[in-house]
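Here the structure is a predicted model, which means the values were calculated and not measured. Proteins get letters first, then strands, A, B, ... in listed order; numbering begins at 1 in each.
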Amino acid sequence: MAASGAALAGFVVAHLAGNLQIFLGQEAVNRYAHFLKSTPGLLWSARLFLLAMGALHVVTSAQLNREARAARPEPYAGKAYIKASPASRTMFASGLIILGFIVYHLLHFTFLKLHPQYGQLTDALGRHDVYSMMVLSFLNPLICAAYIVPVFCLCLHLSHGLSSLFQSLGINTERSRAGLAAGAVVFAWGLFAGYAIIPIACQLGWVKLP
Amino acid sequence: MNLTLNVWRQRNAQDKGHFLEYQAKDIGPDMSFLEMLDQMNEDLIKQGSEPVAFDSDCREGICGMCSLVINGVPHGAQFQSGSAACQLHMRKFKDGDVITIEPWRAKAFPAVKDLVCDRSAFDRIIQAGGYISVNTGGTPDANTIPVPKPAAERAMDAAACIGCGACVAACKNASAMLFVAAKVSHLTTLPQGQVEAKERVQKMVARMDQEGFGHCTNQSECQAVCPKEISVDFIAQMNREYLKSL
């Protein structure tokens, strides 16, 4: 759970670094996208690795969920929480939303099945115009909402998951636990800010079509 | 003050169990939660009804026998943290309050009767490795093995665990990680316990799984309800010990 989560979180960071190139303009984004597409070995090993990690994460969570239900066959009449964070209590729900979003997101930007009108553009050098696809997509407020809400869930999930990781892998010590937990929360919401700024920038006209 | 109590009644382990409503009358603010139940039981006996069975022993917060989930929280920790139910006083409640009282609920803690459950799963975890083997022979002189002061303090913090099982009762996964972590950390932090460190953590974790406790999802509810305020830092220490032992 922790190890696969760490790998997936690593991808979330790398993916944001790629996305933020939108602020560097059309050339940077399209060059980066073209570079990824032109190294199929690297691209497909990364994709297969992520698929395996995602599958492992889902399978272990299902297994642990089943164990937890078996460990308490008779529920409490009224269970009250006094310490558990809202993020930690909604991990299963936020996880399901993320899973659904990954499918939607791949159909949108990778397989170009949804909103195909934005996916067929080419730039002056004949490369796939990913920059225009992103900007045109995020000019649609519905697409923005369908993006920002699941990304919020993802970062909520990470805010518990990342701090939980240090505990599960035994990295926490008496001295470091509070700092690492707070750092994980700040990091998760930093990621949210980074992801959310892109559709917001498109909506506000900070990022324009070429 | 007068209170309405929703109390879990269960004749025996086979019975399905259900809630029954009782009135606790003329409860004084200086009574402990258990004394309030004693008074209610006396009224029940006078009426010719079966009194409510619940566990208690020292009634001064050090034995770990009391095991009541009060309004959804073990030991009523939402009213007062760092204490067992016997040290919770009725001044924390007010006239007319409705209080729900349930037993610890976990597959590994099977019901015995009413609010009493069987916590011998914890004893079996201790038997699996929660000890230090000492060869027989002459009594060694005191302080022949130097123990660093920070290690002694840390071991003592872990040893404060009274094994009540509130951590299991509070955990949404009915996990016993805090209990096992406290025991593993207590012994492993001391030089005498380091000899068997690897074996101990392996055996105790295996026994914990075998008993049917759930896993840890790091919500820290256990620490919040623990009458001895055992820190979840010990869970990280046990995870570290476990990874080292592989």
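- Separation of atoms OH (A/Tyr81) and CD (B/Gln78) is listed at 14.0 Å; rounding is to 0.5 Å.
- Ionic pairing of B/Glu221 and B/Lys172 is not present here: no N-O contact between side-chain nitrogen and carboxylate oxygen is shorter than 4.0 angstrom.
- Heavy-atom distances place both the backbone and the side chain of A/Ser168 under 4.5 Å from chain B.
- Comparing A/Met91, A/Arg89, A/Lys79, A/Glu67 by how many heavy-atom pairs each has under 4.5 Å with chain B, the most go to A/Lys79.
- Using a 4.5 Å cut-off between heavy atoms, A/Arg69 does not touch chain B at all.
- We find that A/Glu74 and B/Lys16 are not joined by a salt bridge, their nearest charged nitrogen and carboxylate oxygen being 4.0 Å or further apart.
- Your options are A/Asn65, A/Ile171, A/Thr173, and the one with the most heavy-atom pairs under 4.5 Å with chain B is A/Thr173.
- Looking only at atom types and distance, the side chain of B/Asn173 has no donor-acceptor partner in the side chain of B/Ser175 under 3.5 Å away.
- Side chain to side chain, A/Asn172 and A/Gln167 meet the donor-acceptor criterion of an N or O pair below 3.5 Å.
- Contact annotation: the side chain of A/Leu64 approaches that of A/Met1 to within less than 4.5 Å [non-hydrogen atoms, C-beta and beyond].
- Taking chain A as the reference chain and counting heavy-atom pairs below 4.5 Å, the highest number among B/Val69, B/Thr100, B/Val225 is found for B/Val69.
- Using a 4.5 Å cut-off between heavy atoms, A/Ala77 contacts chain B through both its backbone and its side chain.
- For a residue to count as touching a neighbouring chain, one of its non-hydrogen atoms must lie under 4.5 Å from one of that chain's; by this rule B/Ala77 touches chain A with backbone and side chain alike.
- For chain B, no part of A/Ser176 is nearby; none of its heavy atoms comes within less than 4.5 Å.
- Residue-level contacts of residues 231-246 of chain B with chain A, in order of numbering, are B/Ser231, B/Val232, B/Asp233, B/Ile235, B/Ala236, B/Asn239, B/Arg240, B/Leu243; threshold 4.5 Å between heavy atoms.
- Here B/Lys203 pairs with B/Glu199 under the salt bridge (Lys or Arg N to Asp or Glu O under 4.0 Å) rule; sequence neighbours left out.
- Ion pair B/Glu102/B/Arg105 flagged as a salt bridge, since at least one NZ, NE, NH1 or NH2 atom sits closer than 4.0 Å to an Asp/Glu carboxylate oxygen.
- Around CZ of A/Phe49, the count of heavy atoms belonging to other residues, nucleotides or ligands within 6.0 Å does not exceed 12.
- B/Arg119 and B/Asp55 are joined by a salt bridge, as a carboxylate oxygen and a charged side-chain nitrogen come within less than 4.0 angstrom of each other.
- The residue among A/Ser163, A/Ser85, A/Ala87, A/Pro73 with the most heavy atom pairs within less than 4.5 Å of chain B is A/Pro73.
- B/Asp97 has a carboxylate O that lies under 4.0 Å from a charged side-chain N of B/Lys94, or vice versa, which qualifies the two as a salt bridge.
- With a 4.5 angstrom heavy-atom cutoff, B/Asn71 touches chain A only via backbone atoms.
- For B/Cys222, no part lies near chain A; criterion is any non-hydrogen pair under 4.5 Å.
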